[in-house]
Engineer: 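Dumping the structure here so I can ask a few things about it.
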Amino acid sequence: MNRFRELIAYYSKYLRSMKLWLFMGIVIIGVVPCIVLSKILPRTYVKRAIDVRISDVTNQLHIISDHLITVNFLQVSSSEVIDAELAQLSNLYDGRILIIDSGLRIIKDTYSISQNKTIISPEVIRGLRGETISSYNDDDGYIEIVVPIVETLTGADGENIQNIRGVMLTSVATDTISATTERLRDVSDLVTYLAAIFVVVVAYLLCIVLTKPLKILTAAISDVKEGYTSEPVMVRDYLETERISEAFNTVYNRMKLLDDSRQEFVSNVSHELKTPMTSMKVLADSLLVDESTPPELYREFMEDITKEIDRENKIISDLLSLVKMDKTSAELTITQVDINALIELVLKRLRPIARKKDVELEFVSMRAVNASVDEVKISQIVTNLVDNAIKYNREQGWVTVTLDADHQYFTIEVKDSGMGIPEDSIGHIYERFYRVDKSHSREIGGTGLGLAITRSAILMHRGTINVESKPDEGTTFTVRIPIVYIVD
Ligand code: ADP
C-alpha cells in the first residue's frame with residue numbers, strides 16, 4: 001500500500017509539468033473541433049438533403065394535383081398522362097403515391113395494393129382540411145408527404161372558392177440520402193483520425209520547441225550552480241526567460257559579492273589576529289634564546305608583549321561588537337537618554353588622551369536633547385568618532401563636538417583639525433579593517449573596525465552618517481539619528 005502511495009506521489013509530480021499541460025491544451029484545442037465537426041457535418045447534410053427532397057416532391061405533387069383537377073381524375077379515375085407522371089415521380093424518388101378522394105377512398109395506388117380501399121389516418125384527415133404535411137421517419141428511412149388536391153372555383157361574386165377534392169399521400173424512400181450520409185460519415189471519421197494524429201504530432205513537437213528555452217535556462221543555472229562557468233546566464237528566446245535570467249544574475253552577483261566579502265573578512269581577521277601573535281612570539285623567543293638578558297631589557301620586552309596582548313584584546317572585542325550587530329536578531333535596548341550628558345561623559349573619558357596629544361576638546365550644545373536610543377551604542381558611536389578625531393589630529397589641534405536637534409532628528413557633528421582623509425579613501429573608510437595608512441593606524445592603536453562598528457550602530461537606529469574631509473585641513477563627521485526610535 002505504501003509502495004503504491006509512493007508511486008502515485010512520484011508520478012503525480014509530472015502532472016505539474018508545463019510540457020504536459022501545453023501538450024494537452026494543444027491536443028484539446030486541435031482535436032475537439034475536428035470531432036465536433038465530424039459529428040455535425042453528416043447530420044447537417046441529412047437535414048438539408050431531407051428538406052430539399054421534401055420541397056422537390058411537394059412541388060411535383062402540387063403540379064400533379066393541378067393536373068388531376070384538370071383531367072378530372074377524381075371522377076374518371078384514369079388518365080394516361082397522370083399515370084405517366086405518377087410513374088415518373090415514383091420511379092424518380094423510389095416512392096409510392098396514393099390518391100385519395102374526399103370520401104377517404106383510395107382511387108389510385110402506384111403499388112396497386114390498396115386500390116379502392118378506405119384509409120383513415122390523421123394525416124389524410126388534416127390533408128383534407130387543406131394542410132400540406134410532411135414528416136421524416138428516420139428509423140425506417142422514408143419521408144411521408146400529404147398534399148391536398150385543391151380545385152379553385154370562381155363564385156358568383158367573382159371570388160375564388162377553394163374546394164378540397166382529395167389528397168395525395170406519398171412515401172418516398174431516403175436510401176440514397178442515407179447512403180451518401182454513410183459515405184460522408186466514413187470520410188469525416190477518416191479525416192478526424194488523420195487530423196488527430198497530425199495534431200498530436202504537432203503538439204508534441206511544439207512542446208519540445210516551446211519549452212526548449214526553459215530547458216536551456218535550467219541547464220545554464222545548473223552549470224553556474226556547479227561552478228562550471230562564470231559567464232552570466234542569459235536566455236533571450238522569450239521576454240520571460242530574459243527576465244528570469246536577469247533576476248538570477250542579480251541574485252548570483254549579490255551572492256558572489258557576499259561570498260567574496262566574507263572570504264576577504266575571514267582572511268583579514270586571520271591576518272589581523274596573527275600580527276600581534278607574531279610580534280609576541282618574536283619577543284618571547286628572543287627572551288628565551290638569550291639566558292643572560294638584563295632585567296631592564298626583560299621588562300621592556302614584557303611591556304611590548306603586554307601592548308600586543310592589549311591590541312589582540314581590542315581587535316577581538318571590536319570583532320565581537322561587529323558580529324553582534326551583524327546578527328539580524330541583534331536588538332537595541334531603547335531607553336530615554338539625555339544626549340547632552342552622554343556626550344559630556346564621553347568627552348570627560350577621552351580628555352586625558354586629548355591632553356596627551358595636546359588637542360583641545362570642545363563641546364557645543366545648541367539645545368537639550370532627550371532621545372529614545374540605545375545608550376551603550378550611542379556612547380560607542382561618539383567615543384569612536386571623537387577618538388578618531390583625536391588620533392588623526394595634529395599637535396595643538398582641536399576637536400569640536402556639536403549637538404543640535406530638530407523636531408525629528410538630533411545631530412552630532414564631530415569636527416577636527418586633523419590630517420583629513422584622501423578623496424579616494426573616503427568611500428572605503430566604513431569597510432572592515434580599512435585604514436588609510438595601515439602602519440600609522442597600527443602605531444596609534446587602530447584596528448580598522450571603529451567606523452564599521454559606528455556605521456552599523458547608526459543604521460540600527462535608522463540614522464545616517466556623513467563625512468566631509470579635506471587633507472591637511474580636517475574632517476567633519478555628521479550623525480543624524482531619529483529622536484523617537486522607529487519600530488519596523
Ligand atoms: P581605526 O581603528 O584604524 O581608526 P576606523 O574604522 O575607526 O579604524 O577608521 C578607518 C580609517 O579612517 C582610519 O584608519 C583612518 O585612516 C581614517 N579616519 C577615520 N577617522 C578619521 C579622522 N577623523 N581623520 C582622518 N582620518 C580618519
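Residue numbers start at 1 and run along the sequence shown. All ligand and atom numbering here is 1-based and tracks the order in the structure.
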Engineer: What atoms of ligand 1 come closer than 4.0 angstrom to any heavy atom of Asp416?
Structural biologist: 22 (C), 23 (N)

Engineer: On a heavy-atom basis, I'd like to know which of Ile390, Thr447, Ile429 is closest to atom 12 (O) of ligand 1.
Structural biologist: Ile429

Engineer: Tell me the contacting part of Tyr434 for ligand 1: side chain, backbone, both, or neither, using a 4.0 Å heavy-atom threshold, strictly below.
Structural biologist: backbone

Engineer: In the protein, which heavy atom is nearest to atom 19 (C) of ligand 1, and how far is it?
Structural biologist: Asn388 ND2, 3.5 Å

Engineer: Below 4.0 angstrom from a heavy atom of Arg435, which ligand 1 atoms are there? Numbered from 1 as shown, please.
Structural biologist: 3 (O), 14 (O)

Engineer: Check contact between Gly420 and ligand 1, using heavy atoms of the residue and a distance below 4.0 angstrom.
Structural biologist: yes

Engineer: So is Gly448 polar-close to ligand 1, meaning N/O to N/O under 3.5 Å?
Structural biologist: yes

Engineer: Does the structure place the NZ or CZ of Arg432 under 6.0 Å from the centre of the six-membered ring of Phe265, at an angle of no more than 45° from the ring's axis?
Structural biologist: yes

Engineer: Can you spot which of Val364, Leu350, Ile343 makes a side chain to side chain contact (heavy atoms under 4.5 Å, CB included) with Val401?
Structural biologist: Ile343

Engineer: In terms of residue, atom name and distance, what is the protein heavy atom nearest to atom 3 (O) of ligand 1?
Structural biologist: Ser441 OG, 2.7 Å

Engineer: When you measure from the side chain of Arg455 to the backbone of Ile465, do you find a donor-acceptor pair of N or O atoms at a distance under 3.5 Å?
Structural biologist: no

Engineer: Just which atoms of ligand 1 are under 4.0 Å from any heavy atom in Gly450?
Structural biologist: 5 (P), 6 (O), 7 (O)

Engineer: Indicate yes or no: does Lys314 engage Asp318 in a salt bridge with an N to O separation below 4.0 Å.
Structural biologist: yes

Engineer: Check Val436 against ligand 1 and report side chain, backbone, both or neither, counting heavy atoms closer than 4.0 Å.
Structural biologist: both

Engineer: Give the residue and atom name of whichever protein heavy atom lies nearest to atom 4 (O) of ligand 1, and the separation in Å to one decimal.
Structural biologist: Tyr392 OH, 2.8 Å

Engineer: Near Ile421, which atoms of ligand 1 are under 4.0 Å from a heavy atom of that residue?
Structural biologist: 25 (C), 26 (N), 27 (C)

Engineer: Is it true that a side-chain atom of Lys357 and a backbone atom of Asn393 form a donor plus acceptor pair closer than 3.5 Å?
Structural biologist: yes

Engineer: Sort out for me which residue in Val359, Val346, Leu361 forms a side chain to side chain contact (heavy atoms under 4.5 Å, CB included) with Arg351.
Structural biologist: Leu361

Engineer: Where do Ser417 and Trp398 come nearest, in terms of heavy atoms and distance?
Structural biologist: OG-N, 2.9 Å

Engineer: Treating Ser17 as the side-chain partner and Leu20 as the backbone partner, does any N or O pair qualify as donor plus acceptor under 3.5 Å?
Structural biologist: yes

Engineer: Regarding Ser469 and Thr475, is there a side-chain donor-to-acceptor distance under 3.5 Å anywhere?
Structural biologist: yes

Engineer: Using a strict 4.0 Å cut-off to heavy atoms of Leu451, name the atoms of ligand 1 that fall inside it.
Structural biologist: 5 (P), 6 (O), 7 (O), 9 (O), 19 (C)

